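Reviewing the structure listed below.
Source: prediction; values computed, not measured.
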Amino acid sequence: MSIQQTDVLYTAVATAENGRDGRVATEDGRLDVVVNPPKEMGGSGEGTNPEQLFAAGYSACFQGALGVVARQTKADITGSTVTAKVGIGRNDDGFGLIVEISAHIPHVDEATGRALLEQAHQVCPYSKATRGNITVTLV
């Protein structure tokens with residue numbers, strides 16, 4: 001379900017200069033990074049890249065969603081981490097993305113951890129935004 005502009009609580013604003021081989025900064029200056037294509041894609045690999053930035057955002061958002069579902073189910077996720085692996089490769093339209101999400105949740109058994117991951121995947125805004133658009137695998 002989409003939100004309306006009147007439902008927006010916060011808007012992040014970032015501006016890129018020179019695309020994948022330049023600079024990206026937020027309007028508040030909290031993020032200001034050089035971006036370069038990775039060596040695997042013919043770039044210098046000296047700066048960060050959009051896939052790393054997406055992986056960082058997705059993993060942080062998913063960790064937040066994990067916290068929401070853990071509170072609802074009273075699961076202990078103390079010391080947990082979420083890792084997002086974002087791959088980019090050629091497809092029929094040019095390029096596409098693929099994502100793998102994994103979590104380390106030390107205080108729950110494997111079945112509970114899996115259930116928490118699946119529930120978090122249903123509530124995470126990044127998961128909602130990518131659903132049906134790219135392959136996202138929970139491991």
Any chance you could measure Gln119, atom CD, to Thr73, atom OG1, to the nearest 0.5 Å? 6.0 Å

Hey, are the side chains of Asn49 and Val35 touching, using non-hydrogen atoms and a 4.5 Å cut-off? no

Have a look at Ser80 and tell me which of His107, Gln63, His104 forms a side-chain hydrogen bond (donor to acceptor under 3.5 Å, both in side chains) with it. Gln63

Could you pull out every donor-acceptor pair under 3.5 Å between side chains of residues 10-19 and any protein atom, sequence neighbours left out?
residue : atom : partner : partner atom : Å
Glu17   : OE2  : Arg23   : NH1          : 2.8
Asn18   : ND2  : Asp21   : O            : 2.7

Linking I/L/V/M/F/W/Y whenever their side-chain heavy atoms sit closer than 4.5 Å, directly or via other members, would Leu117 and Val123 fall into one cluster? yes

For the backbone of Val108 and the side chain of Thr112, can you confirm whether one donor and one acceptor N or O come within less than 3.5 Å of each other? no

Any side-chain to backbone donor/acceptor pair from Asp32 onto Gly29? Under 3.5 Å, distance only. no

Just wondering, do Thr48 and Val34 contact through their side chains at under 4.5 Å, heavy atoms? no

Ala120 and Ala65 have their tightest heavy-atom pair at O-CB, 3.7 Å

Considering all heavy atoms of both residues, which atom of Gly45 and which atom of Asn36 are nearest to each other, and what is their separation? N-CB, 4.2 Å

Which side-chain N or O atoms in residues 125-139 pair as donor and acceptor under 3.5 Å with protein atoms at least two apart or in another chain?
residue : atom : partner : partner atom : Å
Ser127  : OG   : Tyr58   : OH           : 2.8
Ser127  : OG   : His121  : ND1          : 2.7
Thr130  : OG1  : Tyr126  : O            : 3.1
Thr130  : OG1  : Ser127  : O            : 3.2
Arg131  : NH2  : His121  : O            : 2.5
Asn133  : ND2  : Ala129  : O            : 2.8

Tightest non-hydrogen contact, residues Ser44 and Lys39, listed as O-CE, 3.3 Å

Using modelled atom types only, decide if a donor and an acceptor are shared between the side chain of Arg71 and the backbone of Gly67 within a distance under 3.5 Å. yes

For the side chain of Thr83 and the backbone of Ser102, is there at least one donor-acceptor N/O pair under 3.5 Å apart? no

So how far is it from Glu51 CD to Arg20 CZ, rounded to the nearest 0.5 Å? 4.0 Å

Hey, are Arg114 and Glu118 close enough for a salt bridge, meaning a charged N less than 4.0 Å from a carboxylate O? yes

